[in-house]
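Quick note: numbers below take in every heavy atom, side chains included, and nothing from hydrogens, waters or symmetry partners.
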There are 2 protein chains.
Amino acid sequence: VLRAALVSTGHEVLRGDTPNTNASWLARRLTAEGLLVTSSRTVGDLLEDVAEAIRGAAAEADVVVVTGGLGPTEDDRTREALARAAGTPLALDAAAWDLVRAYFGRLGREPAEVQRRQALLPRGATALENREGTAPGVLGAALGRPVWLLPGPPREMRAVFEAHVVPSLRGDRRREPVAARVVRTAGSPESEVAAAIEDLMRGSEPVVGTHPDDGEVAVRLLARGEGAPARADAAAAEVARRLGPAVVSREEDVRVEHAVVSLLRGAGTTIATAESVTGGLVARMLVLVPGASEVFRGGWVAYSDEWKREALGVPEDLLARFGAVSAEAARAMAEGALARARAGIAVATTGVAGPGPDARGVPEGTAFVALAVRGRATEAKALRLAVAREAMQRRTAVAALDLARRHLASSP
Amino acid sequence: VLRAALVSTGHEVLRGDTPNTNASWLARRLTAEGLLVTSSRTVGDLLEDVAEAIRGAAAEADVVVVTGGLGPTEDDRTREALARAAGTPLALDAAAWDLVRAYFGRLGREPAEVQRRQALLPRGATALENREGTAPGVLGAALGRPVWLLPGPPREMRAVFEAHVVPSLRGDRRREPVAARVVRTAGSPESEVAAAIEDLMRGSEPVVGTHPDDGEVAVRLLARGEGAPARADAAAAEVARRLGPAVVSREEDVRVEHAVVSLLRGAGTTIATAESVTGGLVARMLVLVPGASEVFRGGWVAYSDEWKREALGVPEDLLARFGAVSAEAARAMAEGALARARAGIAVATTGVAGPGPDARGVPEGTAFVALAVRGRATEAKALRLAVAREAMQRRTAVAALDLARRHLASSP
């Protein structure tokens, strides 16, 4: 097993002003590369704190990855902290200085004198090219363990990690064979998903867990050791078999909106949206998918009853009789959007995001989604969601798109 | 100075499957309460790792706050880890068991036998009521320093923190007087905001920094020590004075959409939206504001040229001549929405989110926003945004709402 420990630096991270997305990203990438992440430390910009964190990390792991503090200012003390942790002096490194100058050269400029700081490395350390910014990465050592210093801006951190750290790690035989898989689901609550695969979740090889993920539920699997890919594939196939029509995809980046756009393109048809409680979220999810413009006719945000009547033609007596938060209203909205947009299918949402019940006493967290399809009865689905306003809207939007996904996936 | 160290537990966090939002939240809250957060550690679920992290944290700080691992299953070992770190045995705590039973009682149920685990505390520790879940918090000690154990689910963590940790900290005289302030801005890039307050950002008391925040730029100020509130107020007033019309609010929770809804209510008028590149985001930002339904007439998501003509009446020859991504198209969309929705004002967005330029060669990152107001010339603003697709859409939506905000704020 190859053990990795993470160190993040910076007072902004430590004060909570900046969320520590680097640590989460590195943890996931290192795990996927077959390392075991043992701990993650965050410290401020004080030299001794950073040095102590590097020593602590090197004492417990085989590889240390540090982010942040490689800029040209006095607050950027990670190079110096590594020198202190390693007990070696800092010195101007000619190769590092060449990298800094080359980066500025590509921009048609000369580096300022202050940038020399970025070329001061602990003796014996190596500078790593950073194609996304001025700060070279550094490979040094502490307590005889390799210590990688990566820049703090996520884009630069990722670039240096992929270009230098990954190729080096891949040569290490202590790395465990590991295989990560995902089965994405929509339209079923997490408790139902978990119940269907409870026995698999109790096992430890592979590790199987359910993760609520922006309105969907992702089942993530991680197998380790000899034969990991085969075990992970077999378990993922079994998860997918049990979850059946709830399965959206087996790819991390293919969510319900991607599935809907790709199914619409395959079927050569189009979609329109009519949104009340989600207020434009369904439309936004669709347009975030590249290529959506070919299949997305357009949409309405009809938050008020007045607008539901005027823009979508929802009958006034229907609203009076059933209320705007009802299966009937959701169906009428979807049918209005279908007809007015001359689309192949249309989805609609209505609900009470709260706080508190609506004027008719419909409780917070109630929502209805509907799907209208040409030449087919319009279907509606009721939801009861005990989550905060924004999450409630997200789940409602996913449920609406999921109606479309299930219809399109089951159509010949 | 009262020093705090954080420990987060859980393999899901360490593998990067779950982002560590608890640590960021606690860091910010503790800083705002006048503590100095010295470090933050994340470890897995292994007993010895958690115990070692608690000992390490207690060695360097005056107060330790641990999150996660308080559930009823075998993976939940934080109580046991604290007992090991403190060198005391675990025992069933009657008060803790009463809290678990009371929680289930409120749901009309009895706790299962497995829930007894949640009442096993290190000797001398105190159970803390958790009104949001079954796991009581715990106040114990290690190396003579108080150690707070909080549940992992963010809602429960926050509830126990506010109900128990905050009142206790407030009694501690070592806490430094501290004052945090924010000045939120919109419509100016971060570089411009920073340039206007560069001298204040170079100082260290108060600490002044700019933070890009979902399309806006927040200037955060933190003063410490004797007279902190007065210094923070004076500096925040100076920041606000220099940034002038770009200032949205001086409250963390009042963003451009909140300002727009409140200004619309004050003026007794209404808004409509016509969105292309933002695909419903402007509408969604508005409806996330409680009370938006009184002032938001409704909106269109008009992603395709066809739809811009049909739904909003944008003239075909205008689109042919200037293209859909142009100041002219943005103005026509806003005017179409204003007329069709019979609203007081209307905003519109159009742009190229990429990847790559549009069919007419308009480069990725180009956007136009427009504001139409009854009886007034329609204004448009051009944006050039070198950020990824989603961030580009967010900034465009903020820019559109900011046009409305500046107009409403300057109207008598």
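- Listed options B:Leu46, B:Val37, B:Asp49 were ranked by heavy-atom pairs under 4.5 angstrom with chain A; first place goes to B:Val37.
- Proximity to chain B is absent for every atom of A:Val282, based on heavy atoms less than 4.5 angstrom apart.
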Q: Would you sort out whether A:Glu52 and B:Glu60 count as a side-chain contact (heavy atoms from CB on, under 4.5 Å), showing the intermediate values?
A: CA-CA 11 Å; A:Glu52 180 54 37; B:Glu60 79 180 41; over 6 Å; no

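- The minimum heavy-atom distance between A:Trp307 and B:Ala341, with the atom names listed, is CH2-CB, 3.3 Å.
- Contacts between B:Leu26 and chain A at a heavy-atom distance below 4.5 Å are absent for every atom of the residue.
- In this structure, chain A has heavy atoms under 4.5 Å from both the backbone and the side chain of B:Ser293.
- Heavy-atom pairs under 4.5 Å with chain A peak, among B:Arg29, B:Arg15, B:Arg41, at B:Arg15.
- Proximity to chain A (any heavy atom under 4.5 Å) is shown, for B:Glu294, by neither the backbone nor the side chain.
- Heavy atoms closer than 4.5 Å to chain A are found in the side chain of B:Thr31, but not in its backbone.
- Interface check for chain B: of the options A:Ser24, A:Ala311, A:Ser304, the most heavy-atom pairs under 4.5 Å are formed by A:Ser24.
- A salt bridge links B:Glu306 with A:Arg297; the closest basic N to acidic carboxylate O contact falls under 4.0 Å.
- Heavy atoms closer than 4.5 Å to chain A are found nowhere in B:Ala272, neither backbone nor side chain.
- Contact of B:Val7 with chain A is not made at all, since no heavy-atom distance falls under 4.5 Å.
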Q: Mind running side-chain contact (heavy atoms from CB on, under 4.5 Å) on A:Thr278 and B:Arg284 for me, showing each step along the way?
A: CA-CA 7 Å; A:Thr278 50; B:Arg284 174 158 167 78; 5.6 Å; no

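- Taking B:Arg220, B:His11, B:Glu310, B:Arg155 one by one and counting their heavy-atom pairs under 4.5 Å with chain A, the maximum is reached by B:Glu310.
- Looking at A:Ala5, there are no atoms closer than 4.5 Å to chain B (heavy atoms on both sides), in backbone or side chain.
- In this structure the side chain of A:Val301 never reaches within 4.5 angstrom of the side chain of B:Trp300, judged on heavy atoms.
- If you tally non-hydrogen atom pairs under 4.5 Å between each of B:Val43, B:Asn20, B:Thr38, B:Val277 and chain A, the highest count goes to B:Thr38.
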